[in-house]
Every structure is written in C-alpha cells, then in structure tokens.
Amino acid sequence: MTPRNPTKATAVSQRTRLHRQFTYRVALYQVVAALLFVLALLLDTIFALKMGSNSHLFQSPCKFAAFLIQFFLWLKFLFVSLIVVHLFMFAIVYKNIRRFEIIYVCSSVVISLVIASVPFMTNTYGLAGSWCWITNWKNDCPTQVLVDGVIEQFSTMYGPGFLLLSIDSVVAIIIVLVLAARLCRRESSNMAGYQHNEALKQMVPLLAYPILFFFLFLPAFANRIYGATPHQPNTSLMFLAVFCIASWGWVAGMTLMVHIGILLWSRRRKFKRRGKYGATEEVDIYATMGAQSSSNPTSRTHFILPEES
C-alpha cells in the first residue's frame, strides 16, 4: 500500500516535462488518482483497526476514509477510460480530443463526487470486514449479509467498475489489432505518415494501463461476489484481493516509470531521413512530436495531430 512508487513516477514525469503533452498528462492523471487512493487506503486501514477498540470515536473518520476510497477509485476508473478514449480517437478515428481535456477532468470529478456521496445519503458507510467502506454484514458477521449493503456495493462500485474496465480492455485490444493490421498492409508514403506510425508506437504502451488494472481488479471482484453469500470468507481469495487492491497504486506508478524509461531511451535514437523522404538531417521523433508545423507541409519533420472536426 506504499505510495512511494506513484509518487516517484509523478516526480519523474514532472522532471522530464512529459506533463506538457496531452497523451502523458492523461497517464499522469490516473497515476495521481492511484496515489491518492493509496493514501486513502492507508487512512482506511488505520481507522478500521481503531474501530475495534473504540467504535464510537472512530465512526466518523471511518466513514470519511470510506468516502475518499470511493471517490479516488472512481477518479482512477474514469481517467483510465480517458486513456482508451484518447487513443481510440487518435489512432482509429484520427481525431484529437485534447480540447475536451478540462471538460472531461471536471466531469470526472463531479461524477466521482456524486457516486461517492450516495452511501452518505443511505447511511451505509461503516465497517465492512477489515475495511471502512459500505457495510454489507450485520454486526460484522459474515453469515448475516445485509442485502441493501451488497446491492449498494455492486451498484456504486463493482458492477459499473467491472463493466467499464471490461469495455476499456476490449477497446484496447481492438486498437492494437487494428493498428497491427494497418501497419502490415500499408507503407507510409510521406514523412507525415512515417511520423504518425512513430507517434503511435509511443502511444500504444499506454494501453497497458487499462489491461493491467482490469486483471488486478478481477480478484477483488470475485472476492466481493463470494462475500455477498452467507459464508465464511475464503481466506486465500481474500488475501489475494487485498494484495491486488493494495497494488493498484504501485502497479500504476511502476507502469508509468517503465513507460518513461522507454521514452527516454527512445529519445536518444536519432532518425535520419533517407530515400523517399529526400532529407539527410537527423530528426528526434519524440522531442518534436506535438510541436507546431511550418507553413509548408512538405517541410514538416514531425507528425501533426489531427485537426478537430
């Protein structure tokens, strides 16, 4: 549950100035959300342990920690989806959604706040097993399932979360397959097409975020389904779910750091334009990606983001 890796990944991203590019800001958003989720998880664990010794005193802090977990996790869901939407529009539809960035971010915050506030209205935040979250057991007894709590857990988190991540993963796989087929059957006939392929090579690794998050989400989803039945908890499944939940932030930070490492290594590679491109100067694809083009299209040395419709 340590926030060290997402914090380090965020610092490295700022140092390399990748936050100036929309593509990497999108990745940074979900890493920041993961960092905040991990911090909320630490608070949640502390308050859940304290609830055992003095339930009355720590009841409000426990509910607040549960709210933070719900809020930051929904932010991560929506920011991971933004990665998929951005890459789908850029790679498949040839549209750039950068101008909608502020609208999407603000909408994600509002949606997350609304969903996280629902258990306050129904007064269901509280101790849920070893967590502070939506209560689904009466008197914290696994054999006494609270149907209303279970319904609320799945309707405000696990149900839509599983559906959203499933769609993200399917779309991510479709993007990879379409790009692979496109590259196999078509050769770039100009520098802009060549740069487009190079830009896509840089962006495609971002698809690892939704796919990894989906697989790490599955054990928690399975454990919650098992916990919805009046049985004693499955210890192995519960520990696996706890480990995966705690690793959400760590994996997000490590993935971004690996991606940044690949980028920095790639930036050292200089590409010489030869043959049909009719030029010999060295071009740094990644350093010039996202810059403004010259007025003469034939003199471009980088891929130009598609114009908005």
Side-chain angles (χ1 to χ4, degrees), residues 1-3 6-7 32-78 108-162 216-217 219-235 237-250:
M1 282 187 290
T2 174
T7 303
V32 171
L35 168 62
L36 296 174
F37 170 77
V38 169
L39 292 176
L41 205 58
L42 289 173
L43 284 177
D44 185 284
T45 303
I46 294 173
F47 294 145
L49 293 175
K50 293 293 184 179
M51 280 283 287
S53 58
N54 196 331
S55 59
H56 179 73
L57 180 63
F58 287 93
Q59 186 173 10
S60 295
C62 182
K63 291 182 177 181
F64 177 68
F67 166 80
L68 291 180
I69 282 182
Q70 190 88 334
F71 173 68
F72 291 132
L73 187 53
W74 261 105
L75 273 183
K76 181 169 173 60
F77 280 142
L78 295 174
S108 298
V109 172
V110 172
I111 292 173
S112 300
L113 279 174
V114 171
I115 295 176
S117 299
V118 171
F120 275 135
M121 302 175 187
T122 57
N123 195 29
T124 50
Y125 274 142
L127 195 62
S130 57
W131 307 95
C132 289
W133 194 42
I134 299 173
T135 303
N136 63 326
W137 294 340
K138 185 177 181 180
N139 299 321
D140 203 29
C141 178
T143 58
Q144 300 180 33
V145 177
L146 296 175
V147 178
D148 291 343
V150 172
I151 293 175
E152 196 161 320
Q153 285 182 350
F154 279 92
S155 61
T156 62
M157 175 58 69
Y158 284 99
F162 177 78
L216 290 174
F217 182 81
F221 183 70
N223 181 62
R224 191 54 56 184
I225 291 177
Y226 188 86
T229 60
H231 297 92
Q232 290 294 330
N234 184 312
T235 305
L237 183 60
M238 183 181 66
F239 277 111
L240 178 61
V242 170
F243 173 78
C244 289
I245 291 174
S247 69
W248 287 349
W250 182 85

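Start at 1 with the first residue, then count along the sequence.
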With side chains defined as the heavy atoms from C-beta onward, is the minimum distance between [X] and [Y] less than 4.5 Å?
X: Phe239; Y: Asn223; answer: no
X: Ile134; Y: Tyr125; answer: yes
X: Asp148; Y: Thr124; answer: no
X: Phe120; Y: Lys63; answer: yes

*Residues, nucleotides or ligands: over 12 heavy atoms within 6.0 Å of Tyr226 OH*: yes

*Residues, nucleotides or ligands: over 12 heavy atoms within 6.0 Å of Phe243 CZ*: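 Counting other residues, nucleotides and ligands, CZ of Phe243 stays at 12 neighbours or fewer.
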
Residue pair [X] / [Y]: nearest heavy atoms and the distance that separates them:
X: Phe72; Y: Ala40; answer: CD1-CB, 4.1 Å
X: Gly249; Y: Ala34; answer: CA-CB, 3.7 Å
X: Pro160; Y: Phe154; answer: CD-O, 3.1 Å
X: Leu127; Y: Cys62; answer: N-SG, 4.3 Å
X: Phe221; Y: Tyr158; answer: CE1-O, 3.6 Å
X: Leu216; Y: Cys244; answer: O-CB, 3.3 Å

Report the distance from atom [atom1] of [X] to atom [atom2] of [Y], rounding to the nearest 0.5 Å.
X: Phe162; Y: Arg224; atom1: CZ; atom2: CZ; answer: 15.5 Å
X: Cys132; Y: Ile69; atom1: SG; atom2: CD1; answer: 7.5 Å
X: Leu73; Y: Leu36; atom1: CG; atom2: CG; answer: 12.0 Å
X: Ser117; Y: Phe67; atom1: OG; atom2: CZ; answer: 4.5 Å
X: Ile245; Y: Phe37; atom1: CD1; atom2: CZ; answer: 6.5 Å
X: Glu152; Y: Leu146; atom1: CD; atom2: CG; answer: 11.0 Å

*So, the side chain of Trp248 versus the backbone of Val38: is there a donor-acceptor pair under 3.5 Å, distance only?*
no

*With no hydrogens and no angle check, is any side-chain donor or acceptor of Asn136 less than 3.5 Å from a backbone partner on Val150?*
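Looks like no, no N/O pair under 3.5 Å.
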
What donor-acceptor contacts under 3.5 angstrom involve side-chain atoms of residues 109-116, with partners at least two apart or in another chain?
| residue | atom | partner | partner atom | Å |
| --- | --- | --- | --- | --- |
| Ser112 | OG | Leu75 | N | 3.4 |
| Ser112 | OG | Ser108 | O | 2.8 |

*Determine, stepwise, if the pair Phe77 / Phe217 fulfils ring pair (Phe, Tyr, Trp, His ring centres under 6.0 Å).*
CA-CA 11 Å; Phe77 280 142; Phe217 182 81; 5.7 Å; yes

*asked:* Can you list everything that forms a side-chain contact (heavy atoms from CB on, under 4.5 Å) with Phe64? Sequence neighbours excluded, please.
replied: Leu68

